[in-house]
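As C-alpha cells, the structure follows; a few thoughts come after it.
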Amino acid sequence: MTQIQRVGVLGCGLMGSGIAEVCAKAGYTTIVREVSDELVERGRAAIEKSLGRAVEKGKLSTGDRDAILGRITLTTKLADMKDVDIVIEAVVEDLAVKREMLSELDEICPERTIFASNTSSLTIIDMATATSRPDRVVGIHFFNPVPVMTLVEVVRTIVTSDATFESAVGFARSVGKEPVACKDNSGFIVNRLLVPYMLDAIRALASGVGSMTDIDKAMQLGCGHPMGPFILGDFVGLDTLLKVAEIMFDEYRESRYAPPPLLRRMTSAGYHGRKSGRGFYDYSEGKPVPVDLGL
Ligand code: CAA
Ligand code: NAD
C-alpha cells in the first residue's frame with residue numbers, strides 16, 4: 001500500500017476546495033492546483049469561508065483553522081505536484097480535460113503516486129488509459145458539501161491493483177469518510193439512482209406537475225430529503241448536472257438519463273445554480289428566490 005503523506009488536488013471549485021479542506025484537516029500536506037491566480041484566490045476564499053463556518057459555531061479553534069490553512073498550498077503550476085503520494089482530480093466534468101491532466105501528471109509525479117478521480121459519471125478506465133500507471137488509477141468520489149457528507153465511493157477499474165484500491169479505501173477513512181466499493185460504471189451507485197430523480201423533477205416541472213417550490217417542498221416534507229431536487233440541482237451546479245446527464249445518457253441510452261431541454265436552455269443562459277448566483281432560484285439576495293422560467 002502506498003504510504004500517503006502529501007496530497008495533490010486538481011481544481012479548487014465546489015468539490016476541489018472541499019476535498020482540500022478535509023485532507024488538510026486530516027493532517028495531510030495538501031497542494032491544490034487551479035488554472036489562474038484569480039481562481040486560486042476564489043478557491044482559497046471558499047476554503048476559508050467553509051472553515052470560518054466551523055469557527056463561528058465553536059466547532060474549530062482559530063489556531064486549528066490556521067494550522068489547517070498552513071497545510072494547504074495553492075498554485076497554478078502542475079509541476080508543484082512533483083512529490084505528492086496521491087492526486088485527486090476534481091476538474092471540470094470533461095473527459096478530455098481529465099485525460100490531459102493525468103497524462104501531464106504522469107510525466108511529473110513519481111511512479112508510486114496514485115491518481116484518483118472525483119468524477120460524477122465518467123468511467124475511471126477512460127482516464128487510466130491516458131497514463132502509464134493504469135493499475136494505480138482509482139475513483140475516489142466525494143459528495144457535496146465535502147466537509148459534511150460522509151460517503152465516499154471508491155471505484156476500481158478492471159486493472160486497478162489491490163494495493164491501490166486498499167490505499168484509496170484507507171485514505172478515505174483517514175479523512176473521516178465512510179467508503180463504499182463501486183464498480184467502474186457511469187454514475188457508480190449514488191448518481192446511477194440520484195441523477196434520473198433530479199432530471200425527472202425537471203421533466204415534471206416542464207410538464208406542469210406542480211410549481212418548482214411545491215415540488216421541492218413535497219420531496220422535503222414527503223420524503224425527508226434535506227433539499228428538494230431544484231435546490232439540490234442549483235447546489236450541485238446545473239452545468240455539472242448537464243454534463244453528467246449527457247455522459248450517463250451516452251453510456252446507458254436510457255431516456256431517464258436524457259438531459260431535459262429545460263436544463264440545456266438554462267445552462268446555455270448561464271443559469272448554473274448557486275455557483276453563478278442563479279439557477280432555478282436566484283441567490284443574489286442570499287435567500288433563494290424562485291426564478292420565473294416562463295413555464
Ligand atoms: N460547506 C461546508 N459545510 C456546510 C455547508 C457547505 N457548503 N453547508 C452547510 N454546512 C454545514 C453547516 O456548517 C452545518 O455544520 P454543523 O452541523 O457543524 O453546524 C451543517 O453543514 C448543516 O448545515 P445547515 O444547518 O446550515 O443547513 P442544513 O441542515 O440544511 O444542511 C446540507 C445543509 C448539509 C447541505 C443539507 O441541506 C444536505 O445534506 N443537503 C443534501 C446534499 C446532497 O444531497 N449532496 C449530494 C449531492 S450529489 C453529489 O454530491 C454527487 C455528484 O457527483 C453530483
Ligand atoms: P466546479 O466547476 O465548481 O470546479 C471545477 C474546477 O476545475 C474549476 O474551478 C476550474 O477552474 C477547474 N479546472 C478546470 N480545468 C482545470 C485544470 N486543467 N487544472 C486545474 N483546475 C482546472 O466543478 P465541481 O462541482 O467542483 O466538479 C468538479 C468534479 O467533481 C467534476 O468531475 C464533477 O462531476 C465532480 N463532482 C461534483 C459534485 C457536485 O455536487 N458539484 C459532486 C461530486 C463530484
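One-based numbering, in listed order, for ligands and for the atoms of each. We're numbering straight along the sequence, starting at 1.
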- Enumerate the residue pairs fulfilling salt bridge (charged side-chain N to carboxylate O under 4.0 Å, His left out) with a member in residues 278-295, sequence neighbours excluded, ordered by first and then second residue. R278-D282
- Item | Residue pairs, two or more places apart or on separate chains, that pass salt bridge (charged side-chain N to carboxylate O under 4.0 Å, His left out) and touch residues 210-234 | none
- If we only count heavy atoms from C-beta on, is the E153 to V190 side-chain gap below 4.5 Å? yes
- Query: Any side-chain donor-acceptor pair under 3.5 Å between T129 and R99?
  - Reply: yes
- Query: Has R192 got its NZ or CZ under 6.0 Å from the middle of the six-membered ring of Y252, at an angle within 45 degrees of the ring axis?
  - Reply: yes
- Query: On the ring face of F115, is R136 found with NZ or CZ under 6.0 Å from the centre and within 45° of the axis?
  - Reply: no
- Query: In a check of side chain to side chain contact (heavy atoms under 4.5 Å, CB included) between H141 and each of N191, V152, T119, which one passes?
  - Reply: N191
Between ligand 1 and the protein, give all atom pairs where both partners are nitrogen or oxygen and the distance is under 3.5 Å, as lines of names plus distance to 0.1 Å.
unit_1: ligand 1; atom_1: 1 (N); unit_2: R53; atom_2: NH1; d: 3.2
unit_1: ligand 1; atom_1: 18 (O); unit_2: K59; atom_2: NZ; d: 3.2
unit_1: ligand 1; atom_1: 19 (O); unit_2: K57; atom_2: NZ; d: 2.9
unit_1: ligand 1; atom_1: 45 (N); unit_2: N144; atom_2: O; d: 2.7
unit_1: ligand 1; atom_1: 50 (O); unit_2: N144; atom_2: N; d: 2.9
unit_1: ligand 1; atom_1: 53 (O); unit_2: S120; atom_2: OG; d: 2.6
unit_1: ligand 1; atom_1: 53 (O); unit_2: H141; atom_2: NE2; d: 2.9
unit_1: ligand 1; atom_1: 53 (O); unit_2: N191; atom_2: ND2; d: 2.9

- Query: Can you name the residues that come within less than 4.0 Å of ligand 2, going by heavy atoms only?
  - Reply: G11, G13, L14, M15, R33, E34, V35, L39, R42, A90, V91, V92, E93, V97, K98, M101, N118, T119, S120, H141, F142, N144, V236, T240, K275
- Which word best sums up how the rings of Y197 and H225 line up, parallel for under 30°, tilted for 30 to 60°, or perpendicular for over 60°? perpendicular
- Note on the structure: Nearest heavy-atom contact between P196 and Y257 is CG-CE2, 3.3 Å
